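Since the structure comes first, as C-alpha cells, the remarks are kept for the end.
Values below: every heavy atom of this structure, side chains too, minus hydrogens, waters and symmetry copies. Note that the structure is predicted; figures quoted are calculated from it, not measured.
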Amino acid sequence: MKSLLKSAINRTLARFGLKIYSVRAHGREDVADILRSGVNVRVIIDAGANVGQSVLKFRSAFPYADIYSFEPVHSVFTRLSANTAGLDRIHLFQLALGATAGTASIHLRAHDTTHTLLAVDDALAEETIVVETIDRICRSYHLPSIDLLKIDVEGFDLEVLKGAEGMLRSEAVRLILVECGFTPGDARHVLFDAIRDYLHPFGYRLFGIYDQQPEWSGEHRIRFANVCFALQPKGPVEGDHAI
C-alpha cells in the first residue's frame, strides 16, 4: 500500500515537472546526493544518451540546467529526439564522444543499450558514426565549465574522459558520473580502478556508488555500477587517499 501511494504521488507531481527525493543515506540515489552536495548544476554533458532515460531524470532533478546529450546511432537518436521533444534547454547531438575526433564503426547488437565501439563477436550490423571530443565540443559551444559529466558508453568510457583532458586539467568539470566495472575481463565495462587512476591526478575522489548490479552468474560480487567522482579543492586534505 505504501509503495502504491508513493507511486501515485510521484505520478501526480511528475505532471508538474516535480519529484520528491526522500532523505536517505548517502549512496541511495545519485541525483539526490548531487542535489544535497550544494553543486549548482547548470551544465550537463550526457555521453551515451540512448533513448533519453538520463535526460528525463536530469531534467526533473535540475530543471534549469542545459543538457547536452550525445547518441551516435541513427535509430536510437530518432527515439531520443521523440522522447525529449518539447523540453527546454535540451541540446541533442547525433555524435559519439571519444579520445579523438573522426569517424568510427559502431557495432550494433540485439539490445540498443549494448551498441559499442569495441569489437564484439555478437554484432548484428555496423554503422559509421562521427566521433567528437568533449574538449572540442566545449570550445565550439563556448562552455567554460561542466557541472555534471555523465558517461555510459559500453566500455568506451575511459576514451571519453581522455577526450576531456583539457577540461579536467583546467578543473572545469565538477562531478563525473560514469559506469564502471568491478570484474576483470568484462569488456562491456571499464574497471573502476582504471577510471579512478585516470581521474586521481586531476583532483577527483570518490563521491558515491549507485545502481550496483550483482554478478550475472550469481557469484557474490558486484559486476558494475554507476560511480560518481567529485573534484576536490586544491591543497592537501588530511587523510586523503587514492580512492
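Residues V41 and V31 fail the side-chain proximity criterion, which asks for heavy atoms closer than 4.5 Å.
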Exercise. What's the verdict on side-chain contact (heavy atoms from CB on, under 4.5 Å) for V153 and L97, showing C-alpha distance, side-chain angles and the deciding distance?
Worked result: CA-CA 9 Å; V153 290; L97 293 173; over 6 Å; no
Problem set entry | Trace of the side-chain contact (heavy atoms from CB on, under 4.5 Å) decision for V76 with N50 | CA-CA 6 Å; V76 183; N50 196 249; 3.9 Å; yes
For this session: Could you please spell out the steps behind the salt bridge (Lys or Arg N to Asp or Glu O under 4.0 Å) verdict for K57 and D30?
Result: CA-CA 10 Å; K57 180 176 78 170; D30 48 15; 3.0 Å; yes
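Hydrophobic clustering (ILVMFWY, side-chain heavy atoms < 4.5 Å, transitive): V73 and V51 are in one cluster.
Checking side-chain atoms of D186 against main-chain N and O of P184 turns up no donor-acceptor pair under 3.5 Å. Listed for the D152 side chain is no donor-acceptor partner under 3.5 Å among the backbone atoms of G48. Using modelled atom types, no side-chain atom of K162 and backbone atom of T100 make a donor-acceptor pair closer than 3.5 Å. In this structure, the side chain of D135 engages the main chain of G166 through a donor-acceptor pair within 3.5 Å. E71 places no side-chain N or O within donor-acceptor distance of the main-chain N or O of L80, the cut-off being under 3.5 Å. Side chain of S60 to main chain of L56: no donor-acceptor pair is present (N/O by atom type, distance under 3.5 Å, no hydrogens or angles). For R89 (side chain) and R59 (main-chain N/O), no donor-acceptor pair under 3.5 Å exists by modelled atom type. Looking at E215, its side chain never comes within 3.5 Å of a backbone N or O of R223 through a donor-acceptor pair. With hydrogens and angles ignored, the 3.5 Å screen pairs no side-chain donor or acceptor of N226 with any backbone N or O of D211. A donor-acceptor pair under 3.5 Å links the side-chain atoms of S37 to the main chain of I34, judged by distance alone.
Between the CD atom of E165 and the CD1 atom of I134 there is a distance of 12.0 Å, given to the nearest 0.5 Å.
Membership of an apolar cluster is not assigned to Y64, as no side-chain contact below 4.5 Å to another ILVMFWY residue is traced.
For H26 and F207, the ring centers are positioned less than 6.0 Å apart. When ring centroids are compared, F229 and F202 stay outside the 6.0 Å threshold.
The aromatic rings of F224 and W216 lie perpendicular to each other, with more than 60° between the two planes, well past the 30° mark.
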